[in-house]
Amino acid sequence: MANNNLVGFFKDYLTEDTLFQNKKALSTSYTPQEISHRDKEIDQVAGILAPLLKYDKPSNLFMYGKTGTGKTLVMKYVTQQILKVAEEKKTAIQIIYLNCKLKRIADTEYRLIAQLIREMGKEVPPTGLPTDEVYNIFYKILENNPCMLLIVLDEIDQLIKKAGDEIIYNLTRINSDLKESQITIVGISNSLVFTDGIDPRVKSSLNEEEVVFPPYNALQIQDILKERCTTAFKKDVIKEGVIEKCAAYAAREHGDARRAIELLRVAGEVAERKKKKVVDITDLDEAEEKIEKDRVIDVIKTQPKQSQAALYCIVEIFEVKRKKIHTGEIYEKYKNICGNLNLRPLTQRRISDILAELDMFGIINSQVISKGRYGRTKEISLAFSTSMLTKIKKLLQQELGI
DNA sequence: GTCAATTCACATGAAAGAGACCACGGTCTAGTG
DNA sequence: CTAGACCGTGGTCTCTTTCATGTGAATTGACGA
């Protein structure tokens with residue numbers, strides 16, 4: 001675009017009518033006025049947490065449910081309402097919401113407590129202090145400002161997996177020492193099975209009450225999407241069938257409403273960029289592809305060099321072989337490549353872990369298989385479509401500086 | 001032919017080391033009155 | 001005398017390595033029919 005046109009472009013851009021009315025309604029952090037199809041869960045959660053308002057300690061609560069089933073939404077909604085009442089009645093309630101998945105915020109014991117302290121308005125160095133010390137600071141704050149503290153730990157499974165189950169035990173133990181304040185913990189988790197390996201004491205203290213969130217079915221997702229659409233989009237922008245398809249897609253992905261909403265938003269953006277007046281099914285398909293591509297690219301870019309190199313090996317081998325690949329082959333290739341890249345080759349043990357990480361990010365599919373006499377290995381294939389292969393390869397070459 | 005033992009090629013776990021980052025307290029240094 | 005620079009110590013955290021143990025079915029080989 002020539003420079004002299006740019007001003008015109010921006011002006012056009014401003015006056016151009018957008019398909020959206022209130023795009024925020026489609027963002028992940030948006031809390032709608034009313035939450036549909038979750039009445040039962042809201043009532044349960046509210047019932048369990050209500051004692052807070054009377055300065056009674058409620059039971060610790062545990063919430064299960066797959067991603068996008070509205071756990072966080074329900075929790076935020078209920079806590080908002082509690083805070084509203086608390087403000088009216090001048091009840092000292094503090095609610096701290098922490099997402100344990102966010103790196104460098106609450107993924108270790110130290111950081112979790114440090115973050116809690118920060119939320120309560122005191123500064124703590126990000127590292128350098130002994131963990132006991134941080135506990136002491138936390139304890140003192142609680143003793144000095146008596147309150148009912150509700151800690152919501154989202155994705156608590158990540159925290160426990162990385163940092164062990166002692167944290168929860170320690171937090172619940174603080175309670176018995178506290179005279180003025182009380183702590184209640186709410187754990188939110190995606191996986192139903194994660195409590196299996198943890199200390200029974202921790203389990204019982206955490207699991208005093210539990211609420212399970214079933215996945216939405218296609219019809220429910222349709223309802224939710226329709227509701228969001230009326231606020232988010234202008235009238236009659238969404239063509240018939242789009243919402244239905246969007247819902248069907250999400251229902252296939254274990255009823256993930258968040259995905260469905262994101263899909264709809266991206267579809268809107270795609271249509272808008274094409275200067276269309278409506279969003280139709282082709283936009284939806286394009287959006288699906290775009291989301292997938294962006295996700296993969298985003299993950300790859302944020303990976304460390306070693307992981308990128310490992311992935312590059314997989315891509316290269318796959319280009320030739322077009323079949324499932326085994327760990328051994330990758331490691332051989334990887335060792336060769338390291339020389340060219342000026343990388344210190346890691347041990348096979350580490351590469352094995354890196355492969356597991358890539359699997360977790362959904363970049364590759366790996367499955368442990370036994371080939372009988374010929375050993376046991378991971379069978380690996382790429383998790384993105386082959387049409388993206390060359391693009392990904394180029395991206396990797398660029399990242400690695402080949 | 002049948003069945004248990006063997007074997008392969010890694011997976012998976014645990015522990016511990018290296019190196020980065022950081023806070024804290026003590027010591028040293030230079031600037032100030 | 002004091003503020004700031006500079007060290008040493010002790011702490012966390014991430015990424016790795018090292019060592020050890022586990023694993024599941026194809027293969028092997030002994031055994032009996």
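Fair warning: this is a prediction, and the values are worked out from it, not measured in the lab. Here is the naming used below: chain letters follow the sequence lines, and residue numbers restart at 1 for every chain.
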A.B. asks: Whole Å only: how far is the NZ atom of A:Lys305 from the P atom of C:dT16?
C.D. replies: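 One finds 13 Å between P of C:dT16 and NZ of A:Lys305, rounded.
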A.B. asks: With a sphere of 6.0 Å drawn around NZ of A:Lys393, does it hold more than 12 non-hydrogen atoms of other residues, nucleotides or ligands?
C.D. replies: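 Result for NZ/A:Lys393: enclosed.
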A.B. asks: For a quick check, tell me whether the side chain of A:Arg376 and the base of C:dT23 share a donor-acceptor pair closer than 3.5 Å.
C.D. replies: yes
A.B. asks: Hey, is the side chain of A:Thr327 poking within less than 4.0 Å of OP1 or OP2 on B:dC10, counting only N and O atoms?
C.D. replies: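 Checking B:dC10 against A:Thr327, no side-chain N or O comes under 4.0 Å of OP1 or OP2.
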A.B. asks: Take atom CG of A:Asp353 and atom C1' of C:dC19, then tell me their distance rounded to the nearest Å.
C.D. replies: 15 Å
A.B. asks: Are there over 12 heavy-atom neighbours, none belonging to A:Lys321, within less than 6.0 Å of that residue's NZ?
C.D. replies: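 More than 12 heavy atoms, drawn from other residues, nucleotides or ligands, come within 6.0 Å of this atom.
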A.B. asks: Could you tell me whether A:Glu133 contacts a base, only the sugar-phosphate backbone, or nothing, with contacts defined as non-hydrogen atoms closer than 4.0 Å?
C.D. replies: nothing
A.B. asks: Send over the distance from A:Ile354 CD1 to B:dA11 P, rounded to a whole Å.
C.D. replies: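 A:Ile354 atom CD1 is separated from B:dA11 atom P by 13 Å.
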A.B. asks: Give a yes or no on this: more than 12 heavy atoms of other residues, nucleotides or ligands lie within 6.0 Å of atom NZ of A:Lys391.
C.D. replies: no
A.B. asks: Between C:dG24 and A:Arg373, counting only base atoms on the nucleotide and side-chain atoms on the residue, is there a donor-acceptor pair under 3.5 Å?
C.D. replies: no
A.B. asks: Between A:Thr347 and C:dT18, does any side-chain N or O lie under 4.0 Å from OP1 or OP2?
C.D. replies: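 Negative; the distance criterion is not met.
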A.B. asks: Choose from B:dA11, C:dT14, C:dT17 the nucleotide whose nearest atom is closest to any side-chain atom of A:Thr108.
C.D. replies: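 From the listed options, C:dT14 comes nearest.
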A.B. asks: Measure from the side-chain heavy atoms of A:Tyr374 and tell me the nearest of C:dT14, B:dC10, C:dA26.
C.D. replies: C:dA26
A.B. asks: Would you say B:dC10 has OP1 or OP2 under 4.0 Å from some side-chain N or O of A:Lys371?
C.D. replies: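 False: A:Lys371 side-chain N/O out of range (4.0 Å or more) of B:dC10 OP1/OP2.
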A.B. asks: Where the side chain of A:Arg344 is concerned, which of C:dT16, C:dC19, C:dA26 is the nearest nucleotide?
C.D. replies: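 Among C:dT16, C:dC19, C:dA26, the one nearest the side chain of A:Arg344 is C:dT16.
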A.B. asks: In this structure, how many angstroms lie between the P atom of C:dG22 and the NZ atom of A:Lys378, rounded?
C.D. replies: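 So the two atoms are 19 Å apart, to the nearest Å.
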A.B. asks: Distance check needed: B:dA11 C1' versus A:Gln348 CD, whole Å only.
C.D. replies: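 That distance rounds to 10 Å.
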A.B. asks: Can you measure A:His326 atom NE2 to B:dC8 atom C1' for me and round it to whole angstrom units?
C.D. replies: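 Taking atom C1' of B:dC8 as the reference, NE2 of A:His326 is at 13 Å.
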A.B. asks: Can you confirm whether A:Glu289 is buried at CD, in the sense that more than 12 heavy atoms of other residues, nucleotides or ligands lie under 6.0 Å from that atom?
C.D. replies: no
A.B. asks: If you only use heavy atoms from C-beta on, which nucleotide in C:dA25, C:dT18, C:dC15 is closest to the side chain of A:Ser370?
C.D. replies: C:dA25
A.B. asks: Whole angstrom is fine here: how far is it from CD in A:Gln303 over to C1' in C:dC15?
C.D. replies: 13 Å
A.B. asks: Looking at A:Lys276, I want to see if its NZ is surrounded by more than 12 non-hydrogen atoms of other residues, nucleotides or ligands under 6.0 Å.
C.D. replies: yes
A.B. asks: Please compare A:Arg349 and A:Thr377 by the position of their nearest nucleotide in DNA chain B and report the one closer to 5'.
C.D. replies: A:Thr377
A.B. asks: Just checking, any donor-acceptor pair under 3.5 angstrom between side chains of A:Asn99 and A:Glu155?
C.D. replies: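 No.
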A.B. asks: With a cut-off of less than 4.0 Å, is there a side-chain N or O of A:Arg350 near OP1 or OP2 of C:dT17?
C.D. replies: no
A.B. asks: Is it true that, when you exclude A:Phe361 itself, more than 12 heavy atoms of the residues, nucleotides or ligands shown sit nearer than 6.0 Å to its CZ?
C.D. replies: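 Open: at most 12 neighbouring heavy atoms sit under 6.0 Å from CZ of A:Phe361.
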A.B. asks: Let me know the distance between CD of A:Gln367 and C1' of C:dT23, rounded to the nearest Å.
C.D. replies: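 Rounded to whole Å, this separation is 15 Å.
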A.B. asks: Choosing from C:dT16, B:dG13, B:dC10, which nucleotide comes nearest the side chain of A:Gln306?
C.D. replies: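 Of the candidates, C:dT16 comes closest.
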A.B. asks: With the sugar-phosphate defined as primed atoms, P, OP1 and OP2, and the base as all remaining atoms, what B/S/- string results for nucleotides 19-24 of chain B, 5' to 3', for protein heavy atoms under 4.0 Å?
C.D. replies: ---BSS
A.B. asks: Can you tell me how far the CD atom of A:Glu286 sits from the CD1 atom of A:Ile291, to the nearest 0.5 Å?
C.D. replies: 12.0 Å
